[in-house]
Structure formats: structure tokens, C-alpha cells
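Encoded as C-alpha cells, the structure appears first; notes follow it.
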Number of protein chains: 4
Amino acid sequence: MLDDAMTAALEEMSSWQQDLYEDLHRHPELSMHEERTRGIIAAQLRELGCEVHEIGGGVVGVLENGTGPAVLLRADFDGLPVQEATGLPYASERTQEDADGQAQPMMHACGHDVHTTAGLGAARLLAEHREAWQGTYLALFQPGEEIAAGARSMVEDGLVEKIPRPEVCLGQHVLTSPVAGKVAVAPGPVLSSSVSMAVTVHGAGSHGSMPHLGIDPVVLASAIVTRLQTLVAREISPSDFGVVTVGALHAGTSANIIPDRATMALNLRAYDEQILDRLVAGVQRIVRAECVAARSPREPEFELFHRFPVTDNDEQVAARVREALEDQFGAERVERMTPATASEDFSGIPDAFGVPYCYWGLGGYAEGRETAPNHSPFFAPDQQPTLRTGTEAAASAALAWLRAAR
Amino acid sequence: MLDDAMTAALEEMSSWQQDLYEDLHRHPELSMHEERTRGIIAAQLRELGCEVHEIGGGVVGVLENGTGPAVLLRADFDGLPVQEATGLPYASERTQEDADGQAQPMMHACGHDVHTTAGLGAARLLAEHREAWQGTYLALFQPGEEIAAGARSMVEDGLVEKIPRPEVCLGQHVLTSPVAGKVAVAPGPVLSSSVSMAVTVHGAGSHGSMPHLGIDPVVLASAIVTRLQTLVAREISPSDFGVVTVGALHAGTSANIIPDRATMALNLRAYDEQILDRLVAGVQRIVRAECVAARSPREPEFELFHRFPVTDNDEQVAARVREALEDQFGAERVERMTPATASEDFSGIPDAFGVPYCYWGLGGYAEGRETAPNHSPFFAPDQQPTLRTGTEAAASAALAWLRAAR
Amino acid sequence: MLDDAMTAALEEMSSWQQDLYEDLHRHPELSMHEERTRGIIAAQLRELGCEVHEIGGGVVGVLENGTGPAVLLRADFDGLPVQEATGLPYASERTQEDADGQAQPMMHACGHDVHTTAGLGAARLLAEHREAWQGTYLALFQPGEEIAAGARSMVEDGLVEKIPRPEVCLGQHVLTSPVAGKVAVAPGPVLSSSVSMAVTVHGAGSHGSMPHLGIDPVVLASAIVTRLQTLVAREISPSDFGVVTVGALHAGTSANIIPDRATMALNLRAYDEQILDRLVAGVQRIVRAECVAARSPREPEFELFHRFPVTDNDEQVAARVREALEDQFGAERVERMTPATASEDFSGIPDAFGVPYCYWGLGGYAEGRETAPNHSPFFAPDQQPTLRTGTEAAASAALAWLRAAR
Amino acid sequence: MLDDAMTAALEEMSSWQQDLYEDLHRHPELSMHEERTRGIIAAQLRELGCEVHEIGGGVVGVLENGTGPAVLLRADFDGLPVQEATGLPYASERTQEDADGQAQPMMHACGHDVHTTAGLGAARLLAEHREAWQGTYLALFQPGEEIAAGARSMVEDGLVEKIPRPEVCLGQHVLTSPVAGKVAVAPGPVLSSSVSMAVTVHGAGSHGSMPHLGIDPVVLASAIVTRLQTLVAREISPSDFGVVTVGALHAGTSANIIPDRATMALNLRAYDEQILDRLVAGVQRIVRAECVAARSPREPEFELFHRFPVTDNDEQVAARVREALEDQFGAERVERMTPATASEDFSGIPDAFGVPYCYWGLGGYAEGRETAPNHSPFFAPDQQPTLRTGTEAAASAALAWLRAAR
């Protein structure tokens with residue numbers, strides 16, 4: 001629980017947090033291209049007197065404060081290629097060139113700006129109130145969460161060697177439920193495993209008026225999308241969680257030309273790696289069979305990417321976090337987290353250290369307000385009490401270890 | 001029929017034609033953006049002593065040569081947004097920015113470079129052999145055929161007022177059949193009517209893991225494409241010609257985000273305007289119903305464009321062209337044209353003048369050679385005898401009127 | 001052309017024809033089970049003084065009348081398993097057990113009762129007016145046309161040996177176009193080739209609540225039907241005639257049990273045997289591929305049956321029939337027959353004799369009346385002038401040979 | 001727990017149970033037409049000295065044995081219209097005429113013969129060992145479970161007035177998991193709610209060669225089945241249980257006739273009545289929209305039937321049953337029941353009395369044996385130890401109340 005001095009400080013820093021948040025929101029950056037954001041985070045951490053490490057595209061601020069356990073709190077900071085439609089005064093208007101030279105819109109459509117602002121707020125509280133705790137606080141800021149690349153990138157760049165080993169790792173995510181001002185925590189699996197697939201199927205180009213001289217990849221791709229629905233509807237148990245989303249489908253340039261290929265980008269999810277593997281195999285089986293049905297002249301191509309693990313909270317760590325959050329907020333503001341459908345690469349960081357972890361949910365929308373889900377162009381959590389609640393949650397959960405050690 | 005002097009000239013100008021053709025092929029331009037090509041044509045016509053008119057993006061070279069009828073021969077000169085895959089030494093590597101700032105590949109994938117080269121060749125034969133004919137030859141070069149815009153653009157820019165009124169209009173198109181060295185002509189409808197449609201359907205965006213919070217436009221679009229197949233397969237008579245092609249389908253930017261819309265570009269064709277109208281109505285009915293099935297939150301949007309008329313050869317003009325071509329090539333090289341599935345805006349030009357017309361086919365592939373259909377990335381007619389045959393056909397058909405009048 | 005005596009006789013026999021027609025209509029019989037109908041025909045022919053042959057389920061009445069050519073006129077007499085919904089006072093209420101012991105409804109839904117009544121009428125005219133012609137008239141009544149079995153059955157039972165060899169074979173069919181009172185004739189292909197297929201696909205049964213423990217053949221069959229639409233819509237040329245109809249689809253007995261198989265009955269048609277073969281191969285390819293997509297545990301089964309040939313009228317015979325019909329009806333009542341989508345096994349009879357043939361259309365619906373197509377439960381041609389026109393057409397066409405020979 | 005005398009009796013009655021079971025299995029009867037089975041049950045109960053009530057198609061044997069609580073154990077006894085394919089020596093070869101006069105195959109494909117045999121076994125144990133317990137045992141045998149009709153029928157026929165009010169109701173079902181010899185019990189929802197729908201969609205009949213003159217209901221029905229997959233795959237949360245099964249689809253009689261309608265039988269399931277209602281509404285929305293897409297000439301027809309409630313075990317009753325079963329079998333033979341996908345009308349009986357209940361699972365297949373799910377033509381649980389385990393479970397669970405009261 002924050003002491004009185006910290007609680008007062010929380011109040012005082014709210015306009016600094018608002019400026020920081022609006023600036024981050026206005027300047028989203030695509031995964032693994034977050035130069036500006038990383039610079040701001042590193043500068044802030046240095047100002048707080050942290051020892052700052054730039055590792056694999058991310059930043060860690062180390063606050064050593066006497067003997068005691070080390071606790072790591074991770075926040076992620078990448079944006080998404082979404083065209084913002086919130087109408088907020090600080091909405092993003094930025095675009096960034098992707099690998100194909102295409103200008104991609106960008107938006108903080110998943111609240112990583114909230115996580116970063118709360119993470120920096122918690123670091124500031126702890127840095128400016130060293131009298132209140134003992135041990136080492138590791139303020140970790142991770143890039144590239146959206147593409148399952150950032151945790152791996154930091155680990156591969158030597159994270160484990162470069163910073164002190166924590167006893168526990170903590171993380172949080174702003175969600176549409178619970179309501180703003182509340183948090184939600186649970187033991188066990190709280191986020192799904194996930195993998196993405198790029199699929200290319202081949203037809204044969206022709207003039208739009210001569211379908212019989214070509215092989216139509218638009219019809220083929222549509223048959224595939226239609227048929228894929230049976231994987232969730234008929235092949236996995238209705239009691240099992242599974243998702244097969246075709247998030248993108250692209251074919252052709254002109255009404256009047258039958259193109260020679262179609263590309264799809266899929267995302268598959270499950271709470272069970274075996275079911276995820278069955279979904280992957282099912283997609284491949286259906287795509288290949290539909291290519292045969294269509295007389296496709298070439299084997300389809302599959303590329304798997306962005307494989308996220310299950311996020312599976314340690315029972316004891318989750319209990320201690322819950323206790324700390326109930327102390328801080330009162331039990332009525334701490335709900336039991338419903339396992340979410342989304343995925344995270346957060347667990348890659350505790351897994352690299354071989355330590356347990358807990359990941360909790362942070363409410364983003366006031367009661368009764370219409371919610372837009374994460375990744376929607378309309379995603380816009382309420383600034384307050386969200387930022388304050390996230391800051392309190394991060395700091396008070398960390399203090400459950402840091403103060404305990406005194 | 002060409003006289004001996006013309007036949008000798010034909011031989012001599014073949015390397016000029018080859019250079020011209022390869023240059024045009026290497027430098028395709030998108031419809032209604034054909035600045036370079038237009039410049040080359042105008043320069044060539046001026047060199048031949050024509051009076052040159054630049055009209056609505058096109059060019060007409062007028063060759064007056066005493067009293068007698070006027071004959072118009074039209075060639076089109078635009079390329080297509082196709083990524084050339086012919087491997088030819090003179091293949092196009094050009095791209096051009098479209099309205100959205102996207103770099104589009106460009107290719108002469110429909111042989112308009114052949115038409116232009118043959119059209120300039122015929123103009124040169126007639127310009128350099130004025131002793132052989134009498135009347136007025138109108139060498140018309142039209143832009144924007146691929147998007148049904150060029151004929152209209154020239155007419156709207158005053159074509160009828162700016163050049164002498166022809167007695168007849170002629171045109172030709174390189175095709176995969178008959179074989180190279182042959183031509184094909186027929187009375188009646190030889191090319192279909194056609195219209196394109198842009199269709200946008202609306203879903204509701206969501207995170208890829210939360211399909212139940214969104215409405216998936218990829219699944220919706222796929223259901224539409226699948227269902228549209230029934231228009232040709234079940235709704236029009238199996239004896240009637242009809243085509244419904246979805247040439248382009250685009251939705252989403254990422255595997256993991258359910259997008260909020262999908263766009264499709266369709267091309268519909270028939271030999272009968274009533275059937276074309278039924279296909280258009282059928283597409284709209286199916287799209288609207290599938291949007292209801294999918295709980296789409298907004299009405300779909302339809303935009304009709306590129307409406308092409310039927311190309312319907314005048315019986316007497318076709319007979320006279322056939323006779324001229326048989327004289328020139330021998331009857332064994334003149335086939336009966338099978339009505340083609342493609343469309344043309346050629347007839348917009350004779351219709352503006354209120355005069356009859358004939359449009360014939362020009363063989364492009366040597367016997368036994370594997371053919372790639374028009375608009376394919378592999379479309380590559382044999383240079384010879386195609387260019388020579390096209391030049392002979394244009395000149396000899398025109399001479400059927402120009403010499404007859406002497 | 002009928003002479004005055006015949007024309008008067010035509011008038012007098014109209015109430016006999018009405019009774020005969022209504023009796024036949026009221027008592028349809030399924031293909032190759034036409035005992036009652038065959039008995040009536042044979043009795044009538046005997047009454048007219050014909051030599052009667054019962055051959056392969058059919059009947060031939062031979063009227064020898066001096067030297068001269070033999071002419072065969074064929075009428076078919078089987079009904080269909082359709083539940084009549086015409087509401088006619090003489091509508092069928094009959095059912096017949098099929099091979100599985102199921103009671104099948106029965107209906108003359110394709111007008112074979114018209115053909116039989118007109119065929120008997122023509123035989124009567126010729127039998128009672130022998131002074132008007134010379135030669136041999138062969139009144140052939142064929143069973144089992146609907147299942148492509150009757151012509152073959154008669155041929156296999158020795159038709160060619162049992163009756164005199166005709167010089168020409170004639171046949172007619174009542175259609176929704178032209179209008180009643182008119183006939184239509186054309187040289188060349190007038191009816192399509194056709195083949196039917198029984199397809200069984202295998203799933204794995206399960207409780208309706210446990211789709212993941214079964215393999216759903218209903219979803220599989222639906223995917224197949226949906227995908228088959230692309231054969232006509234995309235694989236054959238839009239200029240080519242082709243039909244793929246799934247006329248029957250059956251799976252399951254209960255809402256709550258996932259069945260272990262689905263059966264389909266398909267009918268495929270083309271004017272070109274090669275295209276028909278491509279459609280057959282396409283169906284097999286798509287069915288097999290969809291079985292793979294669905295993890296079907298067993299190979300699908302295919303059975304081809306009812307293969308009908310193209311009906312291709314001899315040019316000279318068609319010209320002579322047209323002349324005779326124009327003499328009889330006036331040119332304004334003789335149209336050019338549009339090639340019909342349906343099929344016939346009629347040509348099996350002239351082919352067995354190696355003689356040319358002509359098959360023409362007989363109008364069934366008065367101008368402006370709403371038509372129900374052949375095989376519809378509402379198919380109900382106007383009795384008159386249809387019966388009279390059919391009788392006149394049969395007799396006058398035959399007389400073109402019989403009288404000419406005198 | 002059974003005492004030594006009962007345990008010995010269990011052994012002795014095993015060949016009687018085998019004969020009874022094989023006789024029942026050989027003679028399945030369709031729901032609400034179980035005359036023979038009901039007769040056998042009533043005769044057996046009378047032989048045991050029960051007071052026998054025939055109520056609403058079912059039978060209750062009342063065994064009064066001094067003061068004490070009443071306990072009701074329910075077994076169901078109807079078969080299914082499935083063609084048995086087990087190859088068992090006592091496999092069913094029976095058929096029964098349904099309402100349409102069609103011969104339906106019949107099979108005990110859901111193990112109700114096991115339930116009945118175990119229920120009669122338990123009644124015999126209790127009847128022959130009255131010294132071991134006190135109170136009233138109600139051996140209830142219910143018809144028509146498969147069509148959600150039997151519980152309602154017994155209640156409507158006065159069940160509550162006709163027999164003593166029990167303190168608790170018990171029931172069991174043989175399943176493919178746990179393995180034979182084990183039982184499984186859990187508090188809370190263990191079986192889904194369910195509803196079935198009959199759907200008729202209308203097309204317009206035509207000859208198979210003239211699709212353009214009809215409206216094809218086979219294509220329409222296939223589009224519906226395909227589209228329905230999205231309800232589970234995209235519309236409900238991937239975390240929610242939901243099933244949409246099309247168990248039967250029927251259209252057409254002949255390859256060559258486009259029929260005028262298609263009928264479907266659907267079964268929908270959920271653990272939450274609101275989700276079930278959303279699935280029902282979703283089916284109706286999709287069917288109606290697809291009818292519009294297909295130009296269907298008439299509104300589709302929907303009939304809802306066989307609505308089953310959720311089976312939701314009382315927490316305290318379930319705990320007491322679990323304890324009794326663990327006493328009887330040892331804890332290693334009592335598993336936690338996984339909520340099953342199936343449905344039951346069992347709860348209609350305790351709900352009529354307003355008393356709590358518990359329903360448990362009975363293992364049917366020896367470890368390692370390949371299982372065929374309930375309702376499969378191959379469903380064949382091992383006779384032993386299944387019958388014995390079911391008998392012990394029924395008797396020992398009842399004794400938890402009957403003996404306790406002594």
C-alpha cells in the first residue's frame with residue numbers, strides 16, 4: 001500500500017502524467033521501430049536517477065535501494081497499424097513506412113501508452129520515496145509486444161546478464177473490463193497462446209472476361225475463409241477455447257483482371273498448445289484441399305510468425321498481488337480476472353529468468369460508457385482514473401515484495 | 001490490297017516498327033495518364049505530314065488526299081496496372097503513382113502497343129504512298145480504353161467538330177486466337193458489354209482474439225464472393241453469355257486485427273444489356289442480403305464505373321472488310337471471328353459520328369505456342385508476323401474505301 | 001399437309017383425344033414401370049388395325065400401306081416422381097413404390113401424355129385415311145425417356161430386327177415456348193447431352209452436441225454444392241453451354257444426430273461431349289478435395305447414370321420437316337427452334353437404324369399465360385390447341401415422306 | 001455403500017441383468033412409442049413387490065419401507081432412429097413407422113438400455129434387502145427423453161399427485177468418459193440447454209436443365225448451412241459454449257428436377273439460456289437473409305421443438321452423492337464430471353416436485369478401447385463392468401439418504 005507521502009505525490013504528478021500520456025498517444029510507433037518512445041522513456045528514467053540499460057530495443061531502469069529482493073515491472077510501448085478514429089484532441093495522425101514502402105497509419109489502439117505512463121509513474125513514486133522501501137526495482141519497458149518480438153529481442157540481447165535477477169515479474173494491461181478504477185487478477189491461465197500465419201494461394205491470371213482461361217484466386221481465397229469457419233464451429237470441442245481470425249485478405253488490383261494470387265493473414269488462438277497446433281494443421285489441410293478443388297497450379301505457401309505463449313499466473317504470486325491490490329484499493333475494486341482471449345509475450349521475460357509472474361487487468365472505461373475493444377480504431381480508455389489506478393497498482397504490487405523485505 | 005510499292009515499303013519499315021514497339025512496350029502508361037505515348041504518336045504523325053489534333057487525351061492525324069470518302073482507323077494506347085512477368089528483354093519495369101499515392105506496376109498486357117505500332121505503320125504506308133489512294137485517312141489514337149474513358153473523353157472534347165466526318169470507322173485488337181499471321185472478322189456482336197462495380201461492405205473492427213465483439217468483414221466478403229457464383233451458374237440461362245468477376249478484394253492490415261470493412265472490385269459482362277442489368281441487380285441483392293446475414297452495421301456502398309457498350313459490327317461494313325482482308329491475305333488467313341468475351345469503348349467513336357463500324361481480331365501467337373491471355377502478366381504476342389499483319393490489315397481495310405472512291 | 005378429309009377427321013376425334021389425354025394424365029407411371037399406359041397404347045393401335053410389337057417396354061404400331069418409304073414417329077410415355085400441384089380436375093393423385101419401398105408421387109410433369117395422345121391421333125388419322133398416302137408408318141411409343149433407359153431398352157430388345165427399317169425418324173416435345181398452336185424446328189444440335197451422377201460422401205456420426213467427435217457430412221455436402229457453382233461460373237467459357245444441377249441432397253434423420261454420410265444426385269449438361277466430360281471430372285475433383293478438407297474418413301463414391309446423347313437434327317431432314325410444317329400451319333406458326341437445355345434419348349432410335357432424324361418443339365402455353373417449366377409440379381400445357389397442333393404436326397411431317405413417294 | 005448381502009446379490013443377479021439388457025438392446029423403441037419396454041419394466045417392478053404406477057408413458061415403482069425420506073432414481077428407456085452398425089450379436093434389426101409412414105431404423109444408441117437395466121437392478125437390490133434401509137424408494141422409468149417429451153408427459157399426467165414426494169432426485173447416464181468401472185460427478189451445470197428447429201426454405205421447381213426458370217433450394221440450403229458456421233465461429237465468445245448442428249438436410253427426389261423446397265433439422269445448445277436465444281435468433285436472421293439472397297419466393301418456416309433445460313446439480317446433493325460413491329467405489333473410481341455437451345429433460349422431474357437433484361456420469365468403455373460417441377451407429381458400451389457399476393452407483397447413492405434416516 002502506498003504511504004501518505006506517496007499518495008500525495010501521486011496527486012501532484014497527475015498533470016505531468018497527462019502531458020506524457022497525450023504526447024505518447026499522439027506519437028505511436030510501429031512494433032520494433034519505437035525510436036522516439038524509447039528515447040523519452042530512457043530520458044525520464046535517467047532523470048529519476050535510475051541506471052538505464054537499452055537492451056534489444058527496450059529500456060530497463062534499475063533502482064537499487066539497499067538490500068532486499070528485486071522486483072521487475074514490465075510495461076510495453078509499441079503502437080499498431082490502425083487508422084485512429086477516436087476523434088480525441090490528441091489523436092494520432094502519424095504514418096510510418098512499412099517494409100514494402102507503404103505508408104501505414106499508426107495508433108496506440110491497445111493502450112500501451114497507458115502502460116508506459118503508469119510504469120514511469122510507478123518508477124517515479126519509488127525513485128522519489130526511497131525511504132519507503134528497500135531492495136531493487138526494475139522498471140522494464142518492452143518494445144514490439146504486438147508482434148511477439150520485443151520480449152524475445154530483449155532476452156536475445158542479453159537481458160538476463162545485463163540486469164539483476166528479479167524474484168518475481170509483474171505486468172498489467174488496460175482492458176474494457178473491469179470498469180475504470182478497478183483492477184482484476186486471477187491465478188492460472190489468463191491470456192491465450194497465439195500464432196499468426198501468412199498464407200499465399202496461387203491462381204492463374206486472366207482478363208476479367210475470360211475466367212475459363214485463368215484460375216480465380218479470389219474465389220479460392222473466399223472458399224478458404226468460408227471453410228475455415230468449420231475449425232472452431234465443428235472440429236474443436238465446443239467446450240474448448242479457440243479462435244481462427246483471417247485479419248487480412250488481399251487480391252488483385254483491378255475489377256477487370258483476374259489476379260494470379262491471393263494473400264491472407266491469419267491469427268489463431270487457444271488456451272492449450274495442442275489445440276493451437278490442431279488449428280494450425282487444420283488451416284493447412286483446408287487451404288491445401290481448397291487449392292486442389294480450385295486446380296491451383298502451385299502449392300500454397302505458409303509462414304508462421306508471432307507465436308505467443310500462454311500467460312499462466314503463478315498461484316502464490318497472484319495471491320500476493322491480489323492481497324496488495326486489495327490493501328491499496330479495497331476489496332470492492334479488485335475483481336477476479338476472466339481469462340482474456342488476447343495474448344502477450346510478457347511471460348517470455350520471467351521465463352528467461354526462470355521466475356514466477358503475475359499479470360493483471362486494469363479497467364479502462366467508466367461504468368456505462370460504450371466500450372470499443374482493444375485494437376479498434378475507436379479504442380479510447382478514460383485517462384482518469386485509469387492512469388492513476390495503473391500507477392497505484394504497479395507501485396503497490398511491487399511494494400508487496402520490496403517493503404516486505406525490510 | 002496493298003500494291004507492290006507499299007508491300008516493299010512494309011518490308012523496309014520493319015526495323016523502325018520493331019524499335020517503336022519495344023520502346024512503347026518498355027514504357028507503358030496507365031489509362032488517361034499516357035503523356036509520353038501521346039507525345040511519341042503526335043511526333044510521328046507530324047513527321048508523316050499529317051495535320052495533328054490532340055483531343056481529349058488522344059491524337060488524330062488527318063491525311064487529306066483529294067476528294068473521296070473519309071475512313072477512320074482507331075488504335076488505343078494505354079497500358080495496365082499489371083506486374084510484367086514475360087521476361088522479355090524489353091519488359092516494363094515502370095511504376096506510376098495512383099490516386100492513393102500507391103506505386104502501381106504497369107504493363108502493356110493487352111497489346112495496345114501492337115495496335116499503336118500497326119496504326120502508325122498504316123498511317124506511314126498511306127502517307128508515303130499517296131499515289132495509291134484518294135480521300136481522307138483519319139489515324140485516330142485513343143487513350144484510356146481499359147477504363148472505358150478514352151472514347152468518351154475524345155468525344156466530349158469535341159472530336160466530331162474537330163475532324164472530318166468519316167464514312168466508316170475501323171478498329172482491331174490483338175488476340176490469342178486466331179494464330180499469328182491471321183485475322184478474324186464477323187458481322188454482329190463481337191465484344192460484350194461490361195460494367196465495373198466498386199463495393200464496400202462494413203463490419204465492426206475488433207481485436208483478432210475477440211470476434212464476438214466485432215463483425216468480421218472478411219468472412220462477409222468471402223460469403224459474398226462465394227454466393228455471387230450463383231448468378232452465372234443458376235440465374236441466367238445456360239445459353240446466355242454472362243460473366244461476374246471479382247477482380248480485387250481487400251480487407252485488413254494485420255493478422256491480429258479484425259478490420260471494419262472490405263472492398264471489392266467487380267466486373268460484369270453480357271452480350272445483352274438486359275442481362276447485364278440483371279447481373280448488376282443480382283450483385284446488389286446478394287451483397288445487401290449477405291450484409292443482413294452478417295449483422296453489418298451499415299448499408300453497403302456500390303459505385304458503377306467503366307460501362308462499355310456492346311461492339312456490334314455492321315453487316316455490310318464487315319462484309320467489305322472481310323473481302324478486303326481476303327484479297328490481302330488470301331481466304332485461308334481470314335477466319336470468322338468468334339464473339340469475344342472482352343469489351344471495348346471503340347464503338348463510342350463511330351456512335352458519336354453516327355456511322356457504321358467494323359472491329360476485327362488480329363492473331364498474336366504462333367501456332368502451337370502456349371498462349372497467355374490478354375491482361376495476364378505473361379501476355380506476350382509474337383512481334384512478327386503480328387506487327388506486319390496488323391499494319392497490312394489496317395491499311396488494306398482502309399483502302400477498301402479509299403481506293404474504291406477513286 | 002393434311003387433306004380435307006383428314007382435317008375433318010381431326011375435328012371429329014377431339015373429344016376422344018381429350019378423354020385419352022385426361023386419362024393418361026390422371027394415371028402417370030414411373031419410367032420403365034409403365035404397364036397400364038403401354039396396355040392402353042397397344043389396345044388403341046390394335047383397334048386401328050396396326051400390327052403391334054411390344055419391344056423392350058415400348059410399343060410399335062406398324063401400318064403398311066403399299067410400296068414406299070417407311071417413316072417412324074416416336075412418342076414417349078413415362079411420367080415423373082413429382083407431386084402434382086396443378087389443381088387440374090384430372091390431376092394425378094397416384095403414388096408408386098420405388099426400389100427402396102418408398103411411395104413416390106407421380107405426375108405427367110413433362111408432357112409425355114401430350115406426345116402419346118398426339119402420336120395416337122396421328123396414327124389414327126393415317127390408319128383411317130389410307131387413301132391419302134403410301135408406304136409404311138411406324139408409330140413408336142417409347143418408355144423410360146426420363147431416365148435415358150427406354151430407347152436403349154427397345155434397341156436392346158431387338159427393335160432393329162423386329163420392325164421395318166425407316167428412312168427417317170421423327171419426334172416432338174411440348175415446351176413452354178413457342179406459344180400453343182405453334183411449332184419450332186431447327187437444324188443442328190437442339191437438345192443437350194446430359195449425364196446424372198449419384199455422389200455419396202462420408203462423415204462420422206456423432207451426437208449433435210459433440211461435433212468434435214464426428215465429421216459432419218451435412219457441412220461437407222453443403223460446401224460441395226457451394227463450390228460446384230464455380231464449374232459453370234468460372235471453369236467453362238461463358239460462351240459455352242453447361243449446367244451443373246444438384247437435384248437432390250439427403251443427409252440425416254434427426255436434428256440431434258450428426259449423420260455419417262450425405263448423398264447427392266447431380267445432373268450435368270452440355271452441347272459438347274468434351275465439355276460434359278470436363279464437368280464430370282470437375283465434379284469429381286471438387287468432391288474429392290472437399291472430402292479432404294473435411295477429414296472425410298472414406299473416399300467418396302460416384303455413380304454415373306442416365307447419359308443422354310446430344311440431339312442433333314439432320315440438316316436436310318430438318319428442312320423437309322420445316323417445309324411440311326409451313327405448308328400445314330402457315331409460315332407464321334413455324335418458328336426457328338432455340339436449342340433447348342433439356343436432353344432426350346430419342347436419337348438412340350435413329351442411331352440404332354443408322355438413319356437421320358428431326359426433332360421439333362410443340363408450343364404448350366397460350367400467349368400471355370404464365371408458364372411453369374417442364375418438370376415443375378405446376379406444369380400444365382393448354383389441352384387445346386396443343387393436342388391438335390401436335391397431331392397435325394406429327395401426321396403432316398410424316399406425310400412429307402409418305403405422300404412424296406407416291 | 002452396499003452391505004455384504006447386497007454385494008453377494010449383485011453377483012448372483014448378473015446373468016439376469018445380461019439377459020434383460022440384451023433383450024432391451026435388441027428391441028429399441030422410438031421416443032413416446034415404448035409400449036414393449038414399458039410392459040417389461042412394469043412386470044419386473046410388480047415381481048419385486050413394488051406398487052406400480054403407469055404415468056404419462058412412464059412407470060414408477062414405489063417401494064415403501066417404513067418411515068424415512070423418499071428418494072427418486074430416474075432411468076430413461078427410449079431408443080433412437082439410428083441404423084445400428086455395432087455388429088453385436090444382440091444388435092437391433094427393428095424398424096418402426098414414423099408419422100409419415102416411413103420405416104425408421106431403431107437402436108439403443110444412447111445407452112438408455114443400460115440405465116433401465118441398472119435402474120431395475122438397483123430396485124431389485126433394495127426390494128430384496130429391505131432389512132438394509134428405511135424410507136421410500138421411487139424407481140422412476142421415463143419415456144421420450146430423446147425428444148424432451150417424457151419428463152413433461154409424466155408431469156402433465158399427474159406425477160406429483162400420484163407418487164410420494166421425494167426429498168431428492170437422482171439420475172445417471174452412460175458416457176464414453178470416464179472409463180468403464182468409474183463414475184463422475186460434479187456440482188453445477190453438467191449438461192447443456194438445447195433446442196431443435198425445423199426449417200423449411202422455398203425455391204421454385206424447374207427442370208434440371210433450366211436453372212434460370214427456377215430458384216434452386218439445394219444451393220440455398222447449402223449456403224445456409226455454410227453460413228451458419230459463423231454463429232459459433234464468430235458471433236459468440238470463444239470462451240462460451242455453443243453448438244449449432246444441422247442434423248438433417250433433405251431436398252429433391254431426382255437428379256434432374258430442381259425441387260421447390262429444402263428442409264433442415266437443427267439442434268442448438270448452450271450452457272446459458274441467453275446464448276441459446278442468441279443462437280436461435282442468429283439462425284433465423286441468416287436463413288431469412290439467405291432466402292433474400294436467393295430470391296426465395298416465400299418466407300422460410302421455422303418450428304422450435306425439443307427445448308431442454310440446463311441440468312444444474314445442487315451443490316449439497318452432489319457432495320453427498322460423491323461421498324456415497326467414494327465409499328462404494330473408492331476415491332480413485334470417482335472422477336470430477338466434465339460438463340457434457342449433451343442435454344437431458346431429467347431436471348423436469350425434480351423441478352416439478354421443487355426438490356434438488358444430482359445427475360452423474362457412468363463410464364462405458366474399457367480403458368484403451370476405441371469409443372464411439374453416444375448416438376453413433378457404433379455406440380456399444382462394454383456390458384461389464386458397466387451394468388454392475390451403474391447398479392451399484394444407483395443403489396449406493398440412494399442409500400445415502402435411505403440409510404441415513406434410520
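Computed over heavy atoms, backbone and side chain alike; hydrogens, waters and symmetry mates excluded. To find a chain, count down the sequence lines: A is the first, B the second, and so on, and within it residues start at 1.
Side-chain contact between V243(C) and V232(C) is absent, with no heavy-atom pair separated by less than 4.5 Å. Taking the side chain as every heavy atom from C-beta outward, L220(B) and I215(B) never approach each other to under 4.5 Å. The shortest distance between side-chain heavy atoms of P259(C) and P217(C) falls below 4.5 Å. Considering only heavy atoms from C-beta on, M337(B) comes within 4.5 Å of L175(B) through its side chain.
If you take CG on L231(C) and CD1 on I286(C), they are separated by 4.0 Å, rounding to the nearest 0.5 Å. Remark: F308(C) CZ to L276(C) CG distance equals 12.0 Å, nearest 0.5 Å.
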Pairs table: donor-acceptor atoms between chain C and chain B closer than 3.5 Å:
unit_1  : atom_1 : unit_2  : atom_2 : d
R234(C) : NH1    : T245(B) : OG1    : 3.4
R234(C) : NH2    : V244(B) : O      : 3.0
R234(C) : NH2    : T245(B) : OG1    : 2.7
V244(C) : O      : R234(B) : NH2    : 2.9
T245(C) : OG1    : R234(B) : NH1    : 3.4
T245(C) : OG1    : R234(B) : NH2    : 2.7

